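Everything numeric in this text was worked out from a predicted model, so none of it was measured.
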Amino acid sequence: MRKGTVKEVLAKIKYDPRENEEDYYIIIEHRGSYGNVRKIPVRIIELGHGYFFIGETQIPYHRILKVVRKDGKVVWESRKIRK
């Protein structure tokens, strides 16, 4: 499941022609949201060096908890939530 950094996984999803970014979403730690998490489609994020962007808002990569395919398969998961 966890092969590479979250940025590498997201770059593959966004830029590899064999992948469809519409098929993926990320789960981020988002204080104040229901359950303190938020689900975001990969198609709306832009990748940066230490952050990713949703419009003008920059969010650090370490807030990403999971990268998930639409069918529910987790393709990357943060070490901090593993049991």
Side-chain angles (χ1 to χ4, degrees):
M1 171 190 0
R2 185 181 171 87
K3 296 200 182 212
T5 66
V6 68
K7 184 178 177 186
E8 291 168 342
V9 170
L10 290 172
K12 182 178 185 325
I13 291 168
K14 289 190 79 63
Y15 305 125
D16 187 329
R18 296 170 293 184
E19 297 290 347
N20 180 0
E21 66 182 340
E22 297 281 334
D23 293 338
Y24 295 88
Y25 60 92
I26 60 174
I27 306 282
I28 67 164
E29 182 178 7
H30 185 75
R31 292 173 199 91
S33 290
Y34 180 76
N36 290 325
V37 295
R38 184 171 171 205
K39 180 177 167 180
I40 301 170
V42 169
R43 68 178 161 70
I44 70 166
I45 67 174
E46 295 296 324
L47 304 180
H49 181 63
Y51 298 86
F52 66 95
F53 296 86
I54 300 172
E56 300 278 322
T57 304
Q58 71 179 31
I59 302 167
Y61 287 112
H62 72 263
R63 300 257 308 271
I64 298 175
L65 301 174
K66 293 181 184 183
V67 178
V68 184
R69 214 168 44 201
K70 274 194 312 193
D71 64 6
K73 181 177 185 212
V74 176
V75 296
W76 184 91
E77 184 174 58
S78 171
R79 288 189 176 113
K80 64 183 168 185
I81 63 171
R82 289 196 188 163
K83 295 175 182 154

**Report entry** Distance, nearest 0.5 Å, that separates OH of Tyr24 from CZ of Arg43
**Finding:**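 Between atom OH of Tyr24 and atom CZ of Arg43 there are 15.5 Å.
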Can you give the donor-acceptor pairs under 3.5 Å from side chains of residues 50-65 to other protein atoms, not counting sequence neighbours?
unit_1, atom_1, unit_2, atom_2, d
Tyr61, OH, Gly48, N, 3.1
Tyr61, OH, Gly48, O, 2.9
Tyr61, OH, Tyr51, O, 3.2
Arg63, NE, Glu29, O, 2.8
Arg63, NH2, Glu29, O, 2.8

Query raised in the report: Quick one: do the Glu21 and Tyr15 side chains pair a donor with an acceptor below 3.5 Å?
Result: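 On atom types as modelled, these side chains do not qualify, holding no pair under 3.5 Å.
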Report task. Show your reasoning for whether salt bridge (charged side-chain N to carboxylate O under 4.0 Å, His left out) applies to Asp71 and Arg69. Result -> CA-CA 5 Å; Asp71 64 6; Arg69 214 168 44 201; 2.9 Å; yes
Requested in this report: Identify the residue among Ile26, Leu10, Val6, Ile13 that makes a side-chain contact (heavy atoms from CB on, under 4.5 Å) with Trp76.
Outcome: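 Per the side-chain contact (heavy atoms from CB on, under 4.5 Å) rule, the option paired with Trp76 is Val6, out of Ile26, Leu10, Val6, Ile13.
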Report task. Would you sort out whether Lys14 and Val42 count as a side-chain contact (heavy atoms from CB on, under 4.5 Å), showing the intermediate values? Result -> CA-CA 8 Å; Lys14 289 190 79 63; Val42 169; 3.8 Å; yes
Query raised in the report: So, Glu8 side chain and Thr5 main chain: donor-acceptor pair closer than 3.5 Å or not?
Result: yes
